[in-house]
Amino acid sequence: MSRHVAIITDSTAYLPQETMERHGITAVPLTVVLGDQALEEGTEISTRSLAQALQKRRSVTTSRPSPQVFAETYRKVAQSGATDIVSLHLSAELSGTYDAAVVAAREAPVPVRVVDTGMVAMALGFCALAAAEVAETGGTVDEAVTAAEKRASGISAYFYVDTLEYLRRGGRIGAAEALLGSALAVKPLLQLEGGRIEPLEKVRTASKGIARLEELVVDRAGSAPVDIAVHHLAAPDRASALAERLRARVPGLGELHVSEVGAVIGAHTGPGLLAAVVSTR
C-alpha cells in the first residue's frame with residue numbers, strides 16, 4: 001500500500017479555503033473568547049464582530065485548541081487514508097497550540113510529526129503549502145518537513161499597527177514593552193523574529209508607517225523570486241492599495257495573496273493592522 005502523508009495546520013495560517021481544499025490541507029481552529037462566549041476562529045466569529053468588540057473595549061482573549069480537538073482531527077485524517085501526518089503550527093512563543101498538538105500526537109493512530117514553524121499568518125501558510133506540495137507528489141514525512149523548514153528560513157514578516165495597546169493587553173510583544181508608555185502615541189512597525197513579534201521601528205504617522213512597511217518589503221524582496229501575502233484587519237482599502245504598489249515594484253513577484261486576518265491574530269493587533277509576508281521561493 002502506498003503511503004499518504006497528510007498535512008495539518010491551524011486556523012492562524014489564514015490560507016484560503018479553496019487553497020486548502022486543492023492541496024488537501026486541514027486546519028485546526030483556535031478559539032476566541034468574547035466576553036463569556038468561546039467561539040471557533042473561522043466559523044463562529046467574523047473579523048467584523050471582533051473589530052467591533054475591540055473598538056468597544058469588550059473583553060477579548062484567545063486560547064489554543066485542546067489536545068482532544070487535535071486527537072479527533074488526527075483520527076479523522078487517519079480514517080480518510082493517511083498513513084503519516086505532518087502537523088505544522090504557529091510559533092510556540094505565541095501560543096500553546098504546538099504543545100497541545102504534541103500531547104495529542106502521542107496517542108494518534110498513525111505517526112504524527114509536529115513542527116513548531118516559528119511562524120504565524122501566511123508565514124505559516126506558506127510553510128504548510130510547501131509541505132503539501134511535497135506530499136502531493138508522494139514525498140515522505142522527512143521531505144515534507146524539510147520543505148516547510150526551508151520555506152520558513154526564507155520568510156520575513158512585517159507588521160504595522162495603529163497602536164501597541166492590543167499586543168500589550170495580550171502579552172505578545174516581548175521586547176516591545178520597551179516602546180510602551182510614550183510610544184503608544186506613535187505608529188509602531190514590528191517584525192516576526194525568533195518566533196516572537198518584536199519592535200522594528202517607530203514612526204509618527206500612519207502614512208509614514210505604511211510607506212515604510214512598503215519599503216521594507218521591497219528591499220527584502222529585491223529581485224529574487226518571491227511570494228507575498230498582505231494582511232489587514234478592518235483596513236481593506238489600505239491592503240489593496242499596498243498590494244497594487246508591491247505588484248508594480250517587486251520584479252520577482254510570483255503569487256500575491258491579500259486577506260483579512262482572522263479573529264485570533266486580530267485580537268492581539270487591533271483594527272488598522274497592515275502586515276506583509278515575504279517568502280522566497
Side-chain angles (χ1 to χ4, degrees), residues 1-32 38-45 62-153 155 195 259 262-265 279:
M1 179 175 127
S2 63
R3 303 191 70 80
H4 166 50
V5 178
I7 306 301
I8 291 175
T9 187
D10 58 67
S11 60
T12 67
Y14 301 134
L15 286 164
Q17 185 61 37
E18 60 271 21
T19 300
M20 291 197 296
E21 291 173 357
R22 184 165 67 251
H23 293 282
I25 300 170
T26 301
V28 176
L30 273 73
T31 300
V32 177
L39 306 167
E40 283 190 357
E41 180 174 45
T43 58
E44 295 180 340
I45 181 171
T62 60
S63 65
R64 69 180 190 179
S66 69
Q68 291 75 21
V69 170
F70 273 110
E72 180 64 13
T73 302
Y74 294 155
R75 184 186 64 79
K76 287 181 178 178
V77 169
Q79 286 180 340
S80 71
T83 53
D84 294 274
I85 295 171
V86 175
S87 200
L88 301 151
H89 300 293
L90 81 159
S91 173
E93 293 285 341
L94 299 174
S95 169
T97 300
Y98 167 80
D99 294 331
V102 168
V103 171
R106 295 173 185 149
E107 305 298 328
V110 298
V112 179
R113 180 83 67 85
V114 184
V115 180
D116 171 12
T117 66
M119 301 285 121
V120 71
M122 269 299 294
L124 170 58
F126 284 131
C127 294
L129 281 173
E133 288 166 0
V134 169
E136 286 175 304
T137 59
T140 65
V141 167
D142 286 344
E143 289 168 339
V145 171
T146 297
E149 291 176 341
K150 183 178 180 180
R151 193 77 187 247
S153 70
I155 289 176
S259 64
V264 168
I265 300 304
S279 174

query: Is any side-chain heavy atom of Val141 less than 4.5 Å from a side-chain heavy atom of Pro111?
result: no
Distance col, row Leu90:CG vs Ile265:CD1, nearest 0.5 angstrom, shows 6.5 Å
- Message: Under a plain distance cut-off of 3.5 Å, with no hydrogens placed, do Tyr74 and Ser87 share a side-chain donor-acceptor pair?
- Response: yes
Interatomic distance, OG@Ser95 vs NE2@His89, rounded to 0.5 Å, equals 10.0 Å
message: What I'd like to find out is whether the side chain of Val120 reaches to under 4.5 Å of the side chain of Ser91, using heavy atoms alone.
response: no
Query - side chain to side chain contact (heavy atoms under 4.5 Å, CB included) assessment of Arg113 paired with Ile85 - result: CA-CA 6 Å; Arg113 180 83 67 85; Ile85 295 171; over 6 Å; no
Which pairs of donor and acceptor atoms, one on a side chain in residues 19-26, lie under 3.5 Å apart (sequence neighbours left out)?
unit_1, atom_1, unit_2, atom_2, d
Glu21, OE2, Gln17, NE2, 3.3
His23, ND1, Glu136, OE1, 3.0
His23, ND1, Glu136, OE2, 3.3

On a heavy-atom basis, the closest approach of Thr9 and Leu88 is OG1-O, 2.9 Å
Taking the side chain as C-beta and beyond, is there a heavy-atom pair between Leu30 and Thr62 under 4.5 Å? no
Residues passing the side chain to side chain donor-acceptor pair (under 3.5 Å) test with Arg64, sequence neighbours excluded, are none
Taking atom types as modelled, find out whether Asp142 and Thr140 have a side-chain donor-acceptor pair closer than 3.5 angstrom. no
For this session: Would you indicate whether the side-chain heavy atoms of Ile8 and Val77 approach each other to under 4.5 Å?
Result: yes
- Message: Less than 4.5 Å apart, side chain to side chain, heavy atoms only: is that true for Leu15 and Met122?
- Response: yes
### Query
Does the side chain of Ile155 reach to within under 4.5 Å of the side chain of Cys127, using non-hydrogen atoms?
yes
Residues Ile7 and Ala132: closest non-hydrogen pair is CG1-CA, 3.7 Å
Residues passing the side chain to side chain donor-acceptor pair (under 3.5 Å) test with Gln68, sequence neighbours excluded, are Ser66
Side-chain heavy-atom pair Val110, Thr83 within 4.5 angstrom cut-off
no
